[in-house]
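Excluded from the calculations below are hydrogen atoms, water molecules and symmetry mates; all remaining heavy atoms, backbone and side chain alike, are included. Every chain is numbered from 1, with letters handed out A, B, ... down the list of sequences.
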Amino acid sequence: MIKKYTLKELSESYAFVAPLIIFVLVFILFPVIGTFLTSMFRDVAFLTKEFIGLDNYKKLLVDSRFWQSFQFTILFTAVSVPLELGLGLLFALLLNEFLPFRGLLRVCVLIPWAIPAAIAARIWELIYNFHYGLANFVVQSFGFSREPINWLGTSGTAFFSLVVSDAWKTIPFVAIILLAGLSAIPDEIYRQAQVDGSNFWQRFFRITLPLLRPVLVVALLFRTIDALRIFDLIYVLTKGGPGGSTTSLSFYGYKYFLVSDFGYGSAVSVTLFAIAFGLSIAYLRLGKFKEEIL
Amino acid sequence: MRVRLVDVTKKFVSLRGEVFAVNRINLEIKDGEFFVLLGPSGGGKSTLLNLVAGLEKLSAGEIWFDEKLVNSAKGGVFLTPKERNVAFVFQSYALYPHLNVFENIAFPLRIRSGQKITIKQSVEKAANTLKISDLLFAKPKELSGGQRQRVAIARAIVRQPSLFLLDEPLSNLDPQLRLSTRRELKELQRKLGVTTVYVTHDQLEAISIGDRIAIIRDGGLVQVGTPDELYEKPKNPFVATFIGAPGMNLIETSVQEENGIYWIRLGNKRISLPQNRKNDFEKFVSKTCILGIRPEHIKINPFQTEQSFRARIKSIESLGRDELVQVSIDDVDILVLTNEPGLEKDEVVDIEFDLSKLQIFNK
Amino acid sequence: MGERRLKSILIILGSIFMIAFCLMPFLYMLIISISKNPDFLASLGNFQFASDNYHGILTIKSLHFLDYLRNSIVVSAVSAFITVLIAGLAAYAITRLTLLGKVFILLFVLAISMFPQISIVSYLYRFMGRLNWINTYQGLIFPYIAWILPLSLWILVSYFSQIPRDLDRAGLVDGCSKWQILRKIIFPVAAPGLFSTALLAFIFAFNEFMFAVMLTIDYHSRTVPVGIALFQGLHGEIPWGTIMAASTIATVPIVICTILFQRHIIQGITRGAVKG
């Protein structure tokens, strides 16, 4: 039985969360629902809006450009996330050592995180510049290639370029949260392991990695979801090209919104949403990790 | 102010089911009394104090301050701590870390939007009483434990509460400071004359400071009484062992009647019980029961008598002035508090109970 | 001994790589921004210092760079401030008050933050269109608040749950209402946490791109990232020097903030992520 004063107290508490709930509902949840609904309509500028059920999705199935961007998005995620986690872990391990200027190093790693992705993309665009960019300068002066490389001009190098710039921008985040996980491992455990005669690699694989697992899974989850929805970098660096080879699902949907085909664009968005959602659930299942989130 | 608790009950609903933190407690605290809630940790005494303060709401029952109903589960009445005008001293002191000592003490007055000048006067007066006038502009983190505790008390008394509640206020102090603060607290309470409820798990503290003590265990009330009553007439073996350090010796035995005289047997010897306490023992005849005798009510005799037991000394522990001696009568171990000189381990001695202090409990 | 030596060599090499990798693009931006010609790498040693780029970006009105900057700062600051306020209220209720469905709210909000922006932006675009809020500050501020709230909430819940409950109870006994407890006790005590949350919220809003691209049209509300992304120059050839000067002006203050408050920021990131 709920007491009268408990009811009053409850309503008071909900007043405190009400603004949060309202903002999130109006500006995020309703739009998402709206997008879901729109995806079932033919909703193009200058045409009358018409309910067409799953026709937009049926069209997606046979749309080769959609499949191209689907493939790119998955491939990009599959390549960039492990790379970022690996390098992020390496950086975290380095930052966790007792180095001189440790604080300074940490700041260096933070810098890419603080720079807006669109601006970072602009810097990388210049780095990849065919005629006088830093990338070609490095490649040529170290003798990796005699000819300058058209980094953003061929689909293979464009993919590679995107992965590198994305890694630069996001590794700080991974490194920082893994560092927090590392510093939570008590020193005594390592000393005990050292006394027990383990070597560096044994300590890394038997102690560090298992104890870091929860944080690693969090980083994996966050990074995967972020990588799936990549937009800013592509908008600036490749505009989805060359030949649509680097069009992410976000960018593909955006292109339809640009030409006011809201129905089809929404269907693309919902697909991306479904992929992200499905992967998150899969991770949580695989990681058996419900309790670790809370 | 008089505080009356009627069938006070607090249950917490968790995923594992309902837990009764406080179960049907009836109590009356008299005006101006220094009342102590004593019991083992997790027994519900802090929850009871929170209920009185208005920090928690009753699940059932009523709480009355004089003739005013302050919380009734059925009636849907609930007064906030502010409306009850209670003051609370927390175990952690709960000083506001962002305010200096002056502002900490002034806080309750400012919330009640008092006059600036009177606030200053009241704070200074409270600070004087607690001898912390020279600390007024320090931040809590710069203070020692004892000083923080004084600030907490000053903050509690500054607004002249009608009820003063303290939740283990001394347990974070080191032992010496605890003793002196205990005395000062008692004095302060006498001077102010405010009804006070004090929670502790330390029986020594309870006995030395309380006018009356309520023993709370597993959410229920075990016994209420003055320290002397609890010491001399514990209601059950729990109270008997909980009050006094070391606690009462408990010996399982039975009472026999022979020729109108009651006897108890211990090991292979039996002793007769005094005639004038016949009424106390009558109902235990021929039943297993538990005898209670305090270590300080046993003496070590230089010679054997009719009423003494033979016992072997198992260990001797010095307590300074006295010695705590563990002896065994056959298989029964008994603690004796004595200042008899020259005792040695494995020595066989004769011990005698002060039978006028003997307690007897149901098994 | 061999292992230790190898380890320290590896650490030094790794650190050099780490520093180079993280700083190189940033330094490159700085250098190009003060160089007369962005192509000095092609004809080696041809570097010439010039402040023209800065002069241009700050004085040429038609570039609207200062407008973008002002828009970004206003929008991000207002969003950050309101977000922290709203998240603070909610975090207080979640950590302190009787509230059914606390875990549900936290998880719901977490799930919300994982939605791809693209699945929100088209609807927002038309919604804002109906309100006539396209190309206005409020048209950006409201979505930004909603977008940054989840992160802020998680950070603040983590901060608030570390404040001893006894402080609330002391406040209650001292006569505070719940609102007063929040304002006079929790907020002041959690000030460092509020500050780092606000800082993170500001940086998030400042970095946001997709909403800004869709919901702004011109210099009346366009933010710096969009401005710089769309910067094409007046006469064909991309004016890299100017772009890098603009980028420098836009990022250096944030980078300095990051350096000054690195402790706060790192705490904010880890609390938002590791607990979330």
| Top contributor to chain C contacts, counting heavy-atom pairs under 4.5 Å, from A/Phe23, A/Phe30, A/Tyr254 | A/Phe23
| note | Looking only at heavy atoms, the pair that brings C/Ser79 and C/Ala205 closest together is CB-CB, 4.5 Å
| said: Is C/Val109 in contact with chain A via its backbone, its side chain, both, or neither, using a 4.5 Å heavy-atom distance? | reply: side chain
| So which part of C/Ile12 gets closer than 4.5 Å to some heavy atom of chain A, the side chain, the backbone, both or neither? | neither
| message | Has A/Asn136 got a side-chain atom pairing as donor or acceptor with A/Phe130's backbone, closer than 3.5 angstrom? | response | yes
| What do you reckon, are the aromatic ring centroids of A/Tyr132 and C/Trp240 less than 6.0 Å apart? | no
| said: Taking every non-hydrogen pair under 4.5 Å, which of C/Leu23, C/Leu85, C/Val226, C/Val255 racks up the most with chain A? | reply: C/Leu23
| query | Between A/Phe277, A/Phe251, A/Trp124, which residue shows the highest count of heavy-atom pairs closer than 4.5 Å to chain C? | reply | A/Trp124
| Residue among C/Ala250, C/Pro225, C/Pro116 with most heavy-atom pairs under 4.5 Å to chain A | C/Pro116
| For A/Leu258, is it the side chain, the backbone, both, or neither that has a heavy atom closer than 4.5 Å to a heavy atom of chain C? | neither
| field | Part of A/Phe273 within contact of chain C (heavy atom distance under 4.5 Å) | value | both
| message | If I measure from the heavy atoms of chain A, does C/Phe115 come under 4.5 Å with its side chain, its backbone, both, or neither? | response | both
| task | Examine whether an atom of A/Val236 lies under 4.5 Å from a heavy atom of chain C, and if so say whether it belongs to the side chain, the backbone or both; otherwise answer neither. | result | side chain
| request: Can you tell which part of A/Tyr14 gets under 4.5 Å to a heavy atom of chain C, answering side chain, backbone, both or neither? | output: both
| field | Option that, when pairs with chain C are counted at under 4.5 Å, heavy atom only, ranks first among A/Leu94, A/Ile22, A/Thr38 | value | A/Leu94
| said: For A/Asn129, which atoms come within 4.5 Å of any heavy atom of chain C: side chain, backbone, both, or neither? | reply: side chain
| A/Lys255 NZ/CZ over A/Phe257 ring centroid, <6.0 Å and within 45° of normal | no
| Using a cut-off of under 4.5 Å for heavy-atom pairs, which of C/Ile203, C/Ile254, C/Leu153, C/Ile266 has the most such pairs with chain A? | C/Ile266
| Heavy-atom check, side chain of A/Phe173 versus side chain of A/Phe222, under 4.5 Å | yes
| task | Name the member of A/Asp43, A/Leu179, A/Val270, A/Leu93 that forms the most heavy-atom pairs with chain C at distances under 4.5 Å. | result | A/Asp43
| query | Top residue by heavy-atom pair count (under 4.5 Å) with chain C, among A/Val32, A/Leu126, A/Leu20? | reply | A/Leu126
| remark: To the nearest 0.5 Å, atom OG of C/Ser35 lies from atom CE of C/Met244 at 11.5 Å
| message | Looking at chain A, which one of C/Thr251, C/Thr98, C/Ile32, C/Thr83 has the largest number of heavy-atom pairs inside 4.5 Å, strictly under? | response | C/Thr98
| Considering only heavy atoms, which portion of C/Met210 lies under 4.5 Å from any heavy atom of chain A: side chain, backbone, both, or neither? | both
| message | Applying side-chain contact (heavy atoms from CB on, under 4.5 Å) to C/Leu172 and C/Ile181, what does each step give before you reach the verdict? | response | CA-CA 7 Å; C/Leu172 213 57; C/Ile181 290 176; 3.7 Å; yes
| note | On a heavy-atom basis, the closest approach of A/Thr73 and A/Leu228 is CG2-O, 3.4 Å
| request: Taking all heavy atoms of C/Ile228 and all of A/Ile119, pick out the closest pair and write down the distance. | output: CD1-CD1, 3.7 Å
| Top of A/Ile21, A/Ile176, A/Leu90, A/Ile28 for chain C proximity - count of heavy-atom pairs under 4.5 angstrom | A/Ile28
| With a 4.5 angstrom heavy-atom cut-off, which part of C/Arg96 approaches chain A: side chain, backbone, both or neither? | neither
| Side chains of C/Thr95 and C/Ile186: does their closest heavy-atom pair fall under 4.5 Å? | no
| task | Can you measure from CZ (A/Arg122) to CG (C/Leu230) and round to the nearest 0.5 angstrom? | result | 8.0 Å
| said: Ignoring hydrogens, what is the shortest heavy-atom contact between C/Pro150 and C/Ile112? Give both atom names and the distance. | reply: CG-CG2, 4.4 Å
| request: Select one option (side chain, backbone, both, neither) describing which atoms of A/Leu87 are under 4.5 Å from chain C's heavy atoms. | output: side chain
| request: Check each atom of A/Ser250 against the heavy atoms of chain C and say whether the ones under 4.5 Å are side chain, backbone, both or neither. | output: both
| By a 4.5 Å heavy-atom criterion (distance strictly below it), what part of A/Ile225 contacts chain C: side chain, backbone, both, or neither? | side chain
| remark: Smallest heavy-atom separation, A/Leu237 atom then A/Ala121 atom, equals CD2-O, 3.4 Å
| message | In terms of relative ring orientation, are C/Tyr125 and A/Phe262 parallel, tilted or perpendicular, with 30° and 60° separating the classes? | response | parallel
| request: Against chain A, label C/Ser113 side chain, backbone, both or neither, depending on which of its atoms sit under 4.5 Å from a heavy atom there. | output: backbone
| field | Greatest number of heavy atom pairs closer than 4.5 Å to chain A - which of C/Ala93, C/Ala229, C/Gly88, C/Ala246 | value | C/Ala229
| task | Fit a plane to each ring of C/Phe209 and A/Phe231, take the angle between them on a 0 to 90° scale, and name the class: parallel (under 30°), tilted (30 to 60°) or perpendicular (over 60°). | result | tilted
| task | Please look at A/Ile115 and chain C and tell me whether the side chain, the backbone, both or neither of the residue comes under 4.5 angstrom of a heavy atom of that chain. | result | both
| query | Should A/Lys169 and A/Asp226 count as an ion pair when the cut-off is N to O under 4.0 Å? | reply | no
| request: Measure A/Trp113 against the heavy atoms of chain C and call it side chain, backbone, both or neither at under 4.5 Å. | output: both
| field | Residue part contacting chain A, namely of C/Tyr92, when any heavy atom lies under 4.5 Å | value | side chain
| request: With a 4.5 angstrom heavy-atom cut-off, could you sort out which part of A/Leu105 is near chain C: side chain, backbone, both or neither? | output: side chain
| message | Is A/Glu12 in contact with chain C via its backbone, its side chain, both, or neither, using a 4.5 Å heavy-atom distance? | response | side chain
| Checking heavy atoms, do the side chain of A/Tyr256, its backbone, both or neither come under 4.5 Å from chain C? | neither
| message | If you define the side chain from C-beta out and look only at heavy atoms, does anything of A/Thr247 sit under 4.5 Å from A/Ile234? | response | no
| task | Could you look at A/Ile171 and say if it's the side chain, the backbone, both or neither that has a heavy atom under 4.5 Å from chain C? | result | side chain
| note | On a heavy-atom basis, the closest approach of A/Trp168 and C/Phe26 is CZ2-N, 4.5 Å
